[in-house]
Each structure stands twice: as C-alpha cells, then as structure tokens.
Amino acid sequence: MNMYGIEKLGITSPAEVYRNLEPAVLTEHALRRGEGTLSRTGALVVKTGKYTGRSANDKFIVDTPSVHEDIHWGDVNRPISQEAFNALWDRAAEYMNGKDVYIFDGFAGADEKYSQNFRVINELASQNLFIHQLIRRFDDEAALDSFQADYTILCAPGFKCDPERDGVHSEAAIILDYEQHRALIVGTQYAGEIKKTVFSIMNYILPFQGVLPMHCSANVGEDGVSAVFFGLSGTGKTTLSASPDRQLIGDDEHGWTEDGVFNFEGGCYAKCIDLDPEREPDIYNAIKFGALVENVVMDPETREFDFCDDSLAVNSRVGYPLSHINNIQPESKGGIPSTVIFLTADAFGVMPPISKLDRNQTMYYFLSGFTSKVAGTEIGIKEPVPTFSTCFGEPFLPLDPARYASMLADRVEKSGARVFLVNTGWNGSGERTKLKYTRAMVNAALDGSIDDAEFVTDPIFGVQVPTTCAGCPDELMIPVKMWEDENAYHEAAHKLAEMFHENFEKKYGYVDEAVKNAGPKA
C-alpha cells in the first residue's frame, strides 16, 4: 500500500489510503460508507450533526517565538502551546490508524507566483469530495508526482477532544500551527472549517509577499478590468458579483497583487437557506452531481430539497466547483480593479444606498466591516442588531487588521480605483431596497456613469452621495427623504453613528486620528 508519506505524520497503519480520487469515486465511497444520500439532481447530501457552522470559540493558533509578534492576539486569535498542539496531533493521527484515509493534494491561488500547496487528509470521503471541489486541482499527473505540501491539514471529525486533557474548550478544535505548517480540525464535520483554514493560512502568508488577501467576490469585464465586492453574509456579495455582462473570477477569497486579482479557490461554498432559482439561478443550478450539500432538508422519497426548511440548520450550504456555473473567468484572474464595493445591509434605514469614499473613509469602513440584522422573524428596522466584522472577515485574519486596511488603501490609491459603500438593506419606508435598484447603482459604479451625478455630503456619515442614478427613484438616493418623520431619522442615524464609534474605539483606538475621524459624526 502506498502511504504517500503520511507515516511521517503519525498515521502509520491505516486500513487503506486513497489519494486524489475523482468526484464520482468519492461520491460512491461516501454512499457506501453511509455518509450521505443522493438528491434528485445527483448532489451528495450530508448532515453535519452538532456543528452546522464554524465553531469560532474552538479556534486556536499555536504560539511560538517565530510568530508571536506577528499575530493579533485576542478573542479571535487565541493562543495554544506547541506542546498541547503536538500532543493533540499525535492523538488524532493515532485515531486515524485502522481507518480509510483520504488525501487531497492541491493548491490555493490561481496566480502561480503566490500559490501554496495544500495536503488535506480526511477521515470522511464526503469531506474529501468537498475540498477536492473547493480548492484548486492539478491538471496533470506530473504535478502530483512531484507534489510537496507547503501546509498539511488533518481533518478527523470523529475524534472528540477532552477539554481538560487537551487544553481546548470543547470536543471540537481548529488549530493552526504556522511554524510547523500544519493545521488540525477535529470534533466537527462542518466542511467550511477546512475551507476557512486554508483562507486563514493564505491571510497569514500573502501580506509578507506584498499581496493583499481579501474576503470578497470578484468579476471582470471584457476590457480585463476587474471589480471586487466585500460583504458579510446576507449583503448580496454573491448575487451582485454574478452579472451576465461580466465574468466571475470567484465568489469568496482573492488576492490583490501589483498585476491584478486572483482567486484562491476552484469552487464556491454558498448558503442554501431560502434559495430561489429566479433570484440566484447560478447557485440553484450548480447543485448537481459532484456538489456536496450540507444540512438541507430533503424529501426521502422524491429527493427534492426544501430550501425554506431550517430545521437542520439556518446555515445550510452547498459546495461545488466553478465549472458548475456559467460565465466564469477560466483562469480565475483579472486585471487591476477599477472599482471596490463595500456591501452593507443597514436595518436602521439611515445609510445611503450608494456613496463614494475617500482614502481614510475606505480604511474606516473596511476596518468596521458593518452590516446589521433584525432579531426574530419579521424583517424591519425597529430593532436593528448591528454586526461588525473587521475587514469583512474578522475570524480569518491572523495579523493586525490595520495592516490589511493599509494595504487596501495603498492598492486603491496606486491603482486609482474608486471605492463605494453600497447599502443593500432597508430604507426609511421599512422595506428592503429592491435588488433591481441596487443592481442599477452597482452597474453605474462599474461603468463610471454614476460620476456624472451631482454629489452631496451626507451630514452624519460624511460620505459623498449621488443625488440621482439611472433606473432608481431620486428620493431613494438621500436617506432622510424616505422617512416621514425627519426627527426619527436623525435619532436612528445618530444611534447607529454611536455604535460605529464604540466599536471602532474598542478595537482600533490605536490607528491614525485621520482614519478615526473619517467615521460617522455622532
């Protein structure tokens, strides 16, 4: 039996070792092993059990002298000792003995100058299928024959930690060791942990190479000029970056170099809850053979999905390769962006639907990473719950966030890219802005026609707001005009401004005064 070198990792006596199996074979293995079932369209459907999303409190970084000064330690980046990690790794490797082992050797980064080779070792065939589709695959056997891993990820969801013994918080643990170039994922079957571990590693490596890693989608026009879309879940990042007039580079993780933008991945990982074939046809039609569906309710007889049923998880997902969707950029690369878009869903109804940012505002709103949601089942603006996620990807940033923000500001300044803040959320009428209006504003930003409008300064947020946009009602452009009670507007706007200030002072009080002063005027 060919061990492919895993004996050096402590896996010395597996039952069988499988390397880079094709999706069809991995699907057969998963079905035979009882890991899941097939949908009507041929997608593999699994339930991930207790963990249906990322377990943020169970993530750690190994604290060693070589990385200690680089890591932005805190509630997101928690330290664990090298000794504790090594002991846990050895126990997880021993757990894999006697079991079938699935290896995927691939890479992250469509730009070969900055790509990293990843070896992912899985206990489950279904998870190996997921990572086979999500990161990038080698085209020829020669590349696999000479493969050398830059980082190795061991993923054993069946291994349960003992918090007292292992020095972790629960039965699950996600631990990154940047010094030994290893990562361990145990106790959780949620496949997104693997994808985001790869992303976290790229976020650590690339800034030292002068590349800005970004949690964003990206597309490119016929002229080769690209655009990037930052946004948290529910803001429309995937929907708005999918355009019939532009090719999709990728929907989630990218790098910005001196030459342009490149995708880290070879696939997409999309939310399925309330999935609508008319609103998001690309995702809907991608759920076919070769895709892995997590925690979506399916009729056992007809094998039809009920995307509106959240009894298994609100965070239901599907992972699929880029080849499952139309209108993609085949090389997963694009030229230097001319447009950067920050997406937010403001439930207060006070932020402009689109506005232009200067350099300091770019850093402020990038660091803030604001969106909001409403508690309960009713969509509205009466009880908005703000959410701030640094650089629109706080859980995956090992370095000081100000470093990523400065890199973005420098890239924007050097390229001459224009930065827009787009509110895809609610307005003073209590209704969410219609997608057709948001898309009209985004298209105007992309083609430059929005620059022909008259701009005014928002009195609270300080951003430059166009008073008109083709295809949109004029009253929609200025937030206060959508409110019947102007005093109520000011009360809500100042309340949100105070939330911005509190968040920024708590997290980024150390940044330049010019950046701090670029925020809303409370």
Side-chain angles (χ1 to χ4, degrees), residues 35-36 43-60 75-78 120 122-124 126-127 129-131 133-134 153 155-161 163 168-176 183-200 203 215 231-235 237-238 251-253 265 267-275 280 283 287 291-298 305-320 345 369 371-377 385 387-390 392-397:
E35 295 178 20
L44 180 62
V45 185
V46 301
K47 298 175 183 177
T48 65
K50 178 180 178 180
Y51 295 90
T52 59
R54 288 184 302 100
S55 189
N57 291 330
D58 295 312
K59 182 180 175 183
F60 301 87
D75 293 338
V76 173
N77 298 315
R78 301 176 182 85
V120 182
N122 295 106
E123 173 187 3
L124 298 179
S126 54
Q127 286 199 325
L129 170 65
F130 171 83
I131 202 62
Q133 305 290 44
L134 259 291
I153 302 172
C155 187
F159 178 89
K160 309 301 182 185
C161 300
V168 295
H169 293 163
S170 75
E171 65 187 30
I174 303 94
I175 309 176
L176 287 79
L184 182 65
I185 304 171
V186 292
T188 171
Q189 193 180 327
Y190 177 66
E193 296 285 16
I194 313 174
K195 163 190 162 68
K196 291 306 184 185
T197 295
V198 172
F199 187 39
S200 298
N203 283 340
H215 186 210
L232 300 174
S233 179
T235 58
K237 177 164 59 77
T238 299
D251 82 328
D252 202 45
E253 301 168 6
E265 302 179 297
C268 303
Y269 191 43
K271 293 189 73 170
C272 289
I273 194 68
D274 297 327
L275 184 62
E280 295 178 302
I283 298 173
I287 304 177
L292 179 72
V293 178
E294 292 180 320
N295 304 314
V296 175
V297 174
M298 182 177 69
F305 291 119
D306 184 351
F307 294 113
C308 297
D309 188 338
D310 64 358
S311 58
L312 291 177
V314 174
N315 186 40
S316 53
R317 294 272 180 170
V318 58
Y320 52 87
T371 191
S372 57
K373 55 187 177 181
V374 176
T377 57
V385 179
T387 300
F388 294 94
S389 183
T390 304
F392 300 97
E394 185 171 21
F396 324 116
L397 304 180

Phe130 ring center within less than 6.0 Å of Tyr269 ring center:
yes
Side chain of [X], backbone of [Y]: donor and acceptor closer than 3.5 Å?
X: Glu253; Y: Glu265; value: no
X: Glu171; Y: Cys161; value: no
X: Ser389; Y: Glu394; value: yes

Under the side chain to side chain contact (heavy atoms under 4.5 Å, CB included) rule, collect the residues that match up with Lys47, sequence neighbours excluded.
Asn295, Leu312
Could you tell me which residues satisfy side chain to side chain contact (heavy atoms under 4.5 Å, CB included) with Ser170, sequence neighbours excluded, listed by chain and number?
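Partners of Ser170 under the side chain to side chain contact (heavy atoms under 4.5 Å, CB included) test: Tyr51, Asp58, Ala172.
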Which atoms form the tightest heavy-atom contact between [X] and [Y], and what is the distance?
X: Val293; Y: Ala43; value: CG2-CB, 3.9 Å
X: Ala291; Y: Val318; value: CB-CG2, 4.0 Å
X: Val297; Y: Ser311; value: CG2-OG, 3.5 Å
X: Val168; Y: Ala173; value: CG1-CB, 4.0 Å
X: Gly53; Y: Asn315; value: CA-ND2, 3.7 Å
X: Gly36; Y: Val46; value: CA-CG1, 4.1 Å

Going through the distances and angles, do Asn77 and Phe60 end up as a side-chain contact (heavy atoms from CB on, under 4.5 Å)?
CA-CA 6 Å; Asn77 298 315; Phe60 301 87; over 6 Å; no
Can a salt bridge be assigned to the pair Glu193 and Lys59 using a cut-off of 4.0 Å between side-chain N and carboxylate O?
no
Is there side-chain contact between [X] and [Y], with heavy atoms separated by less than 4.5 Å?
X: Asp310; Y: Ser316; result: no
X: Thr188; Y: Ser55; result: no
X: Tyr190; Y: Lys50; result: no
X: Gln127; Y: Leu292; result: no
X: Glu123; Y: Cys155; result: no
X: Pro157; Y: Leu124; result: yes
X: Thr235; Y: Phe392; result: no
X: Thr197; Y: Ile185; result: yes

Begin from the C-alpha positions of Leu397 and Val76 and carry the test side-chain contact (heavy atoms from CB on, under 4.5 Å) through to its verdict.
CA-CA 8 Å; Leu397 304 180; Val76 173; over 6 Å; no
Are a donor atom and an acceptor atom from the side chains of Asn57 and Arg78 found within less than 3.5 Å of each other?
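On atom types as modelled, these side chains qualify, holding a pair under 3.5 Å.
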Pairing donors with acceptors under 3.5 angstrom, does anything connect the side chains of Gln189 and Thr48?
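No donor-acceptor contact under 3.5 Å links the two side chains.
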From [atom1] ([X]) to [atom2] ([Y]), nearest 0.5 Å:
X: Glu294; Y: Thr52; atom1: CD; atom2: OG1; result: 9.0 Å
X: Leu44; Y: Ser126; atom1: CG; atom2: OG; result: 6.0 Å
X: Asp306; Y: Leu275; atom1: CG; atom2: CG; result: 11.5 Å
X: Leu176; Y: Leu184; atom1: CG; atom2: CG; result: 9.5 Å
X: Asp252; Y: Leu134; atom1: CG; atom2: CG; result: 9.0 Å
X: Lys271; Y: Phe307; atom1: NZ; atom2: CZ; result: 14.0 Å

Results of ring-ring contact (aromatic ring centres under 6.0 Å, His included) for Phe396 - residues two or more places apart only
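Phe396: ring-ring contact (aromatic ring centres under 6.0 Å, His included) contacts with Phe199, His215.
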side-chain contact (heavy atoms from CB on, under 4.5 Å), that's the test. Do Phe388 and Thr371 meet it? Break it down for me.
CA-CA 6 Å; Phe388 294 94; Thr371 191; over 6 Å; no
